[in-house]
Amino acid sequence: MMNPINNHLVIMAGGVGSRFWPMSTVERPKQFIDVLGTGKTLLQLTVERFGSLVSPDHVWVVTNQAYADIVAEQLPNIPRTNILCEPCRRNTAPCIAYISWRIKATDPKANIVVTPSDHIVTNVKEFQRVIGKCMKFTSDTDAIVTLGMKPNRPETGYGYIQANLAANSLRNKEIFRVDSFREKPDLATAVKYIQQNNYFWNAGIFIWNVNTIVNAFRMYQPSIAKIFESMNSVYGTTNEQAVVNERFPECESISVDYAIMEKAEEIFVCPADFGWSDLGTWGSLLMQSAKDLYGNACIGDNINMFESHNCIVHTVQEKKVVIQGLDGYIVAENDDTLLICKLSEEQRIKQFNGES
């Protein structure tokens, strides 16, 4: 597998969601939790699957100040100076602009892949092949590439990418021009999308070289570009965090999709199928986990299911768990909290947790 010297990995790990409560909390969100029961957190699994593509000193994590120590603890092989802290939340565009200018200061030829920290991939070998091909493509061109996951159901929880399958790149026949980005659809629209072969789930994974993305910000988001351009003299110095804390809040809160992807000209998508999920819900964890003959997914050492169907059970701290007579439930524990909730009602978990 290729390992070019200019390849960099950027992981966005600042999310504070607690949809996997009680296992996940605001103090320790899901990216820092062993959701799958593998002994590794989602953040650690993310770094691991890029291991053949990017060296540890080129792995960067953008996170919240409150999580910097957790990141350092979970990723001891990456330099502490590669953990960048946002002083406030401003969505993905300012986050990506900051890390882009920061990397450019040390490697003006950088080739970058940007990924969330809380996704799972079941076919890592295919994932590495696809990312490797895309990184080679962006190292040779001024293109922006995003990954499009081949849909297997009419999902309303993801945005979609409409590809022009008649316009593939001559450099890579697996990469196609993007016709449009579509917001999360209603069910009827999602059904229409999957009946066609040119709509893909937007995974939020981007590949580009550093000059391409910096120039895109200069062209389409000049106010954001001006802020990070003005900090060129402090990147990599002891003054960086203080200046970032002062200037970062000036950025508009905007996603990179709105800020760049929907405006730029050279936008391509690489359709892929490597068992991807963003693990946004307990239901998605059930869907991605190995199940018994009755549709139950059990994550924990000693779980005994009787006359139960279609349940997701996550009880890694308990010595023994016995469940009888449940159908379509979440059973999850963490420290001193036990959740038993219908899967169909999981949108109410914030209410149960006391969140507004």
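The figures that follow rest on heavy atoms only: side chains count, while hydrogens, waters and symmetry mates do not.
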- Which distance, rounded to the nearest 0.5 Å, do you find between the CG of Asn82 and the CZ of Arg102? 7.0 Å
- Query: Of Leu147, Thr146, Ile131, which is the lone residue that meets side chain to side chain contact (heavy atoms under 4.5 Å, CB included) with Cys270?
  - Reply: Leu147
- Between CD1 of Ile207 and CZ of Phe268, what distance do you get to the nearest 0.5 Å? 13.0 Å
- Message: Looking at Asp278 and Asp118, would you say the former's side chain and the latter's main chain have a donor-acceptor pair under 3.5 Å?
- Response: no
- Query: Are Phe228 and Phe217 near enough that their ring centres are under 6.0 Å apart?
  - Reply: no
- Can you check side chain to side chain contact (heavy atoms under 4.5 Å, CB included) on Leu343 and Asn310, steps first, answer last? CA-CA 9 Å; Leu343 270 163; Asn310 309 311; 5.6 Å; no
- Query: Run the ring pair (Phe, Tyr, Trp, His ring centres under 6.0 Å) check on Tyr193 and Phe200 step by step: do they pass?
  - Reply: CA-CA 8 Å; Tyr193 286 170; Phe200 304 93; over 10 Å; no
- Query: Would a 4.5 Å heavy-atom cut-off, applied to side chains only, mark Ile103 and Val10 as touching?
  - Reply: yes
- Task: Please tell me if the side chains of Thr212 and Ile144 come closer than 4.5 Å, counting only heavy atoms from C-beta onward.
- Result: yes
- Query: Rounded to the nearest 0.5 Å, how far does NZ of Lys342 lie from CD1 of Ile330?
  - Reply: 12.0 Å
- Message: For Arg247 versus Ser230, what's the shortest heavy-atom pair and its separation?
- Response: NH1-OG, 2.9 Å
- Item | Asp57 and Ser55: side chain donor to acceptor below 3.5 Å | yes
- Query: Minimum heavy-atom separation for Leu45 to Leu36, with atom names?
  - Reply: CD1-CD1, 3.9 Å
- Item | Hydrophobic cluster membership, Ile33 vs Trp21, 4.5 Å side-chain cutoff | yes
- Task: Taking the side chain as every heavy atom from C-beta outward, state whether Glu240 and Val244 have any atom pair closer than 4.5 Å.
- Result: yes
- Message: Quick check: is Ile227 connected to Ile96 through a chain of hydrophobic side chains (ILVMFWY, heavy atoms under 4.5 Å apart)?
- Response: yes
- Trp101 side chain near Met231 side chain, heavy-atom distance below 4.5 Å: no
- Item | Rounded distance [0.5 Å steps], CE in Met261 versus CD1 in Ile161 | 7.0 Å
- Item | Salt-bridge criterion met for Lys226 and Glu229 (N-O under 4.0 Å) | no
- Query: Do other residues, nucleotides or ligands put more than 12 heavy atoms under 6.0 Å from the OH atom of Tyr258?
  - Reply: no
- So, Asn304 side chain and Lys320 main chain: donor-acceptor pair closer than 3.5 Å or not? no
- Message: Tell me if a side-chain donor or acceptor on Asp34 pairs with a main-chain N or O of Gly39 at a distance below 3.5 Å.
- Response: yes
- Query: Rounded to the nearest 0.5 Å, how far apart are NZ of Lys184 and OG1 of Thr189?
  - Reply: 15.0 Å
- Task: Report yes or no: do Tyr329 and Ile299 belong to one cluster of Ile/Leu/Val/Met/Phe/Trp/Tyr joined by side chain heavy-atom distances under 4.5 Å?
- Result: no
- Message: Donor-acceptor check, side chain of Thr138 to backbone of Met135, threshold 3.5 angstrom: yes or no?
- Response: yes
- Message: So which atom in Pro249 and which in Asn245 form the shortest heavy-atom distance, rounded to 0.1 Å?
- Response: CD-O, 3.2 Å
- Query: Would you say the side chains of Asp257 and Asn202 form a donor-acceptor pair under 3.5 Å?
  - Reply: yes
- Item | Side chain proximity check, Phe206 to Ile112, heavy atoms < 4.5 angstrom | no
- Keeping the roles fixed (side chain from Gln74, backbone from Leu43), state whether a donor-acceptor pair exists under 3.5 Å. no
- Under 3.5 Å, is there a donor-acceptor pair between the side chain of Thr315 and the main chain of Gly300? no
- Is there side-chain contact between Tyr98 and Tyr235, with heavy atoms separated by less than 4.5 Å? yes
- Separation between CG of Asp273 and CG of Asn152, rounded to the nearest 0.5 Å: 8.0 Å
- Query: Do side-chain atoms of Gln31 reach the backbone of Ser117 as a donor and acceptor pair under 3.5 angstrom?
  - Reply: no
- Check whether any side-chain heavy atom of Phe50 lies under 4.5 Å from a side-chain heavy atom of His58, and answer yes or no. no
- Can you tell me if CD on Gln324 sees more than 12 non-hydrogen neighbours from other groups inside 6.0 Å? yes
- If you look at every heavy atom in His314 and Val35, which pair is closest and at what distance? NE2-O, 2.9 Å
- Quick one: closest heavy-atom pair of Phe248 and Cys95, and the distance? CZ-N, 4.1 Å
- Return yes if a side-chain donor-acceptor contact under 3.5 Å exists between Gln162 and Ser180, otherwise no. yes
- Message: Counting only heavy atoms not in Asp301 (residues, nucleotides, ligands), do more than 12 fall under 6.0 Å from its CG?
- Response: no
- Task: Answer whether the closest heavy-atom distance between the side chains of Phe176 and Asn198 falls below 4.5 Å.
- Result: no
- Give a yes or no on this: more than 12 heavy atoms of other residues, nucleotides or ligands lie within 6.0 Å of atom NZ of Lys263. yes
- Message: Using the rule that Ile, Leu, Val, Met, Phe, Trp and Tyr join whenever any side-chain heavy atoms are under 4.5 Å apart, tell me whether Trp208 and Met12 fall into a single cluster.
- Response: yes
- Report the C-alpha distance between Leu53 and Leu9 in whole Å, list the side-chain angles of each, state the deciding distance to 0.1 Å, and finish with yes or no for side chain to side chain contact (heavy atoms under 4.5 Å, CB included). CA-CA 9 Å; Leu53 296 162; Leu9 168 64; over 6 Å; no
- Query: For the side chain of Asn91 and the backbone of Ala93, is there at least one donor-acceptor N/O pair under 3.5 Å apart?
  - Reply: no
- Task: Grab the two heavy atoms, one from Gln317 and one from Asn334, that are nearest each other, plus how far apart they are.
- Result: NE2-OD1, 3.4 Å
- Query: Hey, is the main chain of Asn123 close enough, under 3.5 Å, to the side chain of Gln128 for a donor-acceptor pair?
  - Reply: no
- Query: Salt bridge or not for Glu48 and Lys40, using N-O below 4.0 Å?
  - Reply: yes
- Message: Applying a strict under-4.5 Å side-chain criterion to I, L, V, M, F, W and Y, I'd like to know whether Tyr220 and Ile224 cluster together.
- Response: yes
- Criterion side chain to side chain contact (heavy atoms under 4.5 Å, CB included) on His119 and Arg49, from CA distance to verdict: CA-CA 11 Å; His119 294 180; Arg49 64 176 166 264; 4.1 Å; yes
- Message: Looking at Asn296 and Cys311, would you say the former's side chain and the latter's main chain have a donor-acceptor pair under 3.5 Å?
- Response: yes
- Query: side chain to side chain contact (heavy atoms under 4.5 Å, CB included) between Asn111 and Asn209: does it pass, once the steps are laid out?
  - Reply: CA-CA 4 Å; Asn111 197 32; Asn209 70 60; 3.8 Å; yes
